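Let me begin by presenting the structure, written as structure tokens, before commenting on it.
The model shown is predicted, which means the values in this text are computed figures rather than measured ones.
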Amino acid sequence: MPPILELKDITKRFPGVVANDHISLTLESGEIHALLGENGAGKTTLMNILYGLLHPDEGSIIVRGQEVRLSSPREAIKLGIGMVHQHFMLIPPFTVTENVMLGDETIKNGFLDQSSVAERIREISQQYSLDVDPAAYVRNLSVGAQQRVEIMKILYRHADILILDEPTAVLTPQEVEDLFKVIHELTAQNAAIIFISHKLKEVMEIADRVTVLRGGRVVGTTRPSETTPAMLAQMMVGRAVALEAVKEPAKPGEVVLQVEHLQVLDNRKNAAVQDVSFEVRSGEVLGIAGVQGNGQTELVEALTGLRPVAVGTATILGQDITHATSRQIFELGVAHVPEDRQADGLVLTYSVEDNMVLDQYYGPPFAKGLVLDRPTIQQQAASRAKEYDVRTPSLDTHVANLSGGNQQKVIVARELSRPIELLIASQPTRGLDVGSIEY
């Protein structure tokens, strides 16, 4: 029996880069096939080709023994191919039912037939143990529940080849466990899954086979029983990678950040941070842990001038920043790596070059009065891109066109390439490969 999906010699070129270089792989019914690779290795390009968002320059796609040409996601969905993107494609003010039927509306007597769609959602939810409420508003759902809605969208369209792009990147450990149960339920009913991840431990746990890409090429396919996380990391990066941080004992110095009795309100005016006090000294790392949605986001926003403080105080090197602006805080030597790189860390329609100086564009050496000093900006951006291994066809490329990991490197390069007293990094390794995490 032929594989449910076969990719043969898929090649895709962009100006200055070969994103996919004669990639071949197969996917069997009921199989979980993990796809590993560094940021920019070509994983997302390959999946966008499979989902009809891009066209290959060479090679063929064979679905259930028949060669196909995919001109759009609609064509892919008709063939049973569905994709859950790393950044969810949901409309928060809509209900689950409205999100699921969007683009595939059911009409009855001239009106949207939401009740029959909701019933179908309940059936699928029960069949695959998805636990999705058709009437819930997406904006009120946890990240894990939103992801189940994304899976529901493609199952509603009868997909049995599922592409999961970084599906655990924003999930808590409990939500990862729940997702894995759903995945096993899907494969038990003969769905085939391509699982893209940077988390080697999860790949070892869930995958039947693993294909590793490096520089746009397949460097090998193996099984978890025949390999180790260290071997997979070496295949991905091309060298040995330290999978655990080597850390000297801290030698704390003076207090840099002092937070006392802080209260911060969320968007609904409820206390997200309540009576929180701590200090951070030079030479130490303070970790803040907790399930997403328990005040970490609001705390970071308050400390970086993005959200007002209701009660309490915060000082940096003795200077009160409780009601300071983001620029005032930045100029005290604070760097910020935000948890949502696309919403808060980058201007996606700007070039890599311009994003590299977003924090300092308004003064020397990048501006003379009201005029930007383009040669200096270009020189600095090239230096930072080289030092931080930002992989981009050119510095003029829109940052939206980089992989998620390379977008993160742009932020880190910008924030750490100046003298700083305090770094506030929120989920800094989200979506990064093992080599980038190590760096």
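- Side chain to side chain, T221 and T211 meet the donor-acceptor criterion of an N or O pair below 3.5 Å.
- The distance from the CD atom of Q263 to the CG atom of L265 is 5.5 Å, given to the nearest 0.5 Å.
- In this model, no donor atom of one side chain and acceptor atom of the other lie less than 3.5 Å apart for D433 and H198.
- Within the structure, salt bridge (charged side-chain N to carboxylate O under 4.0 Å, His left out) pairs that include any residue of residues 210-222 comprise D21-R217 (at least two apart or interchain).
- For the residue pair Q296 / Q427, no side-chain donor-acceptor distance below 3.5 Å is found, with atom types taken as modelled.
- For D373 (side chain) and A367 (main-chain N/O), no donor-acceptor pair under 3.5 Å exists by modelled atom type.
- The pair E254-R281 does not count as a salt bridge, with every side-chain nitrogen at least 4.0 angstrom from each carboxylate oxygen.
- The closest side-chain donor-acceptor pair between H398 and T349, if any, does not fall under 3.5 angstrom.
- Considering only residues two or more places apart in sequence or on other chains, D160 meets the salt bridge (charged side-chain N to carboxylate O under 4.0 Å, His left out) condition with R64.
- Of all heavy-atom pairs spanning I10 and P56, the tightest one is CG2-CB, 4.2 Å.
- Atoms NZ and CD1, on K199 and I206 in that order, are 12.5 Å from each other to the nearest 0.5 Å.
- Sorted by first then second residue, the salt bridge (charged side-chain N to carboxylate O under 4.0 Å, His left out) pairs that include residues 285-308, not counting sequence neighbours, are E301-R307.
- Judged by the 6.0 Å distance and 45° axis criteria, K386 is not positioned over the aromatic ring of Y388.
- Between the side chains of T322 and D320, at least one donor-acceptor pair of N or O atoms lies under 3.5 Å.
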Mind listing the side-chain donor-acceptor pairs of residues 419-426 below 3.5 Å, one per line with the distance, residues two or more places apart or on another chain?
none

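- For the side-chain contact (heavy atoms from CB on, under 4.5 Å) test, residues two or more places apart in sequence or in another chain that qualify with I437 are T429, L432.
- The pair K409-D389 counts as a salt bridge, with a side-chain nitrogen and a carboxylate oxygen less than 4.0 angstrom apart.
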Self-check item: Check against side chain to side chain donor-acceptor pair (under 3.5 Å), T297 and E339
Solution: CA-CA 8 Å; T297 299; E339 70 177 59; 2.7 Å; yes

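- For the pair E415 and R418, the salt-bridge criterion is met [side-chain N within less than 4.0 Å of a carboxylate O].
- If you take CD on Q146 and CG on L90, they are separated by 6.0 Å, rounding to the nearest 0.5 Å.
- Here salt bridge (charged side-chain N to carboxylate O under 4.0 Å, His left out) pairs that include residues 225-244, with residues two or more places apart or in two chains, are R239-E438.
- In this structure, a donor-acceptor pair under 3.5 Å is present between the side chains of H22 and E58.
- The two residues A385 and L395 make their nearest non-hydrogen contact at CB-CD2, 4.1 Å.
- Electrostatic pairing of D133 and R148 does not count as a salt bridge here, judged by no charged N lying under 4.0 Å from a carboxylate O.
- Rounding to the nearest 0.5 Å gives a distance of 8.5 Å between CD1 of I154 and CG of L186.
- Within 6.0 Å of atom CD in E279, more than 12 heavy atoms from other residues, nucleotides or ligands are found, so the atom counts as buried in its surroundings.
- For E150 and K153, the salt-bridge test passes: some basic side-chain N is under 4.0 Å from an acidic carboxylate O.
- Classification of E353 and R374 as a salt-bridged pair holds, one side-chain N sitting under 4.0 Å from a carboxylate O.
- The neighbour count for K8 NZ, taken as heavy atoms of other residues, nucleotides or ligands under 6.0 Å away, does not exceed 12.
- Put simply, the side chain of D340 never gets that close to the backbone of D344: no donor and acceptor are under 3.5 Å apart.
- Side chains of R209 and T26: a donor on one and an acceptor on the other come within 3.5 Å.
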Practice problem: With side chain to side chain donor-acceptor pair (under 3.5 Å) as the test, would you mind laying out the steps for E202 and T168 before giving the verdict? | Solution: CA-CA 9 Å; E202 292 176 359; T168 65; 2.6 Å; yes

Quiz item: Would H261 and D275 satisfy side chain to side chain donor-acceptor pair (under 3.5 Å), going step by step from the backbone distance to the final call?
Solution: CA-CA 4 Å; H261 306 295; D275 196 24; 2.8 Å; yes

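- Using modelled atom types, one side-chain atom of N20 and one backbone atom of G42 make a donor-acceptor pair closer than 3.5 Å.
- Seen from the ring of Y137, R139 counts as a face-on cation partner, given the 6.0 Å and 45° thresholds.
- Surrounding CD of E284 are more than 12 heavy atoms belonging to other residues, nucleotides or ligands, all under 6.0 Å away.
- Here the closest heavy-atom approach between residue K247 and residue V285 is recorded as CE-CG2, 4.3 Å.
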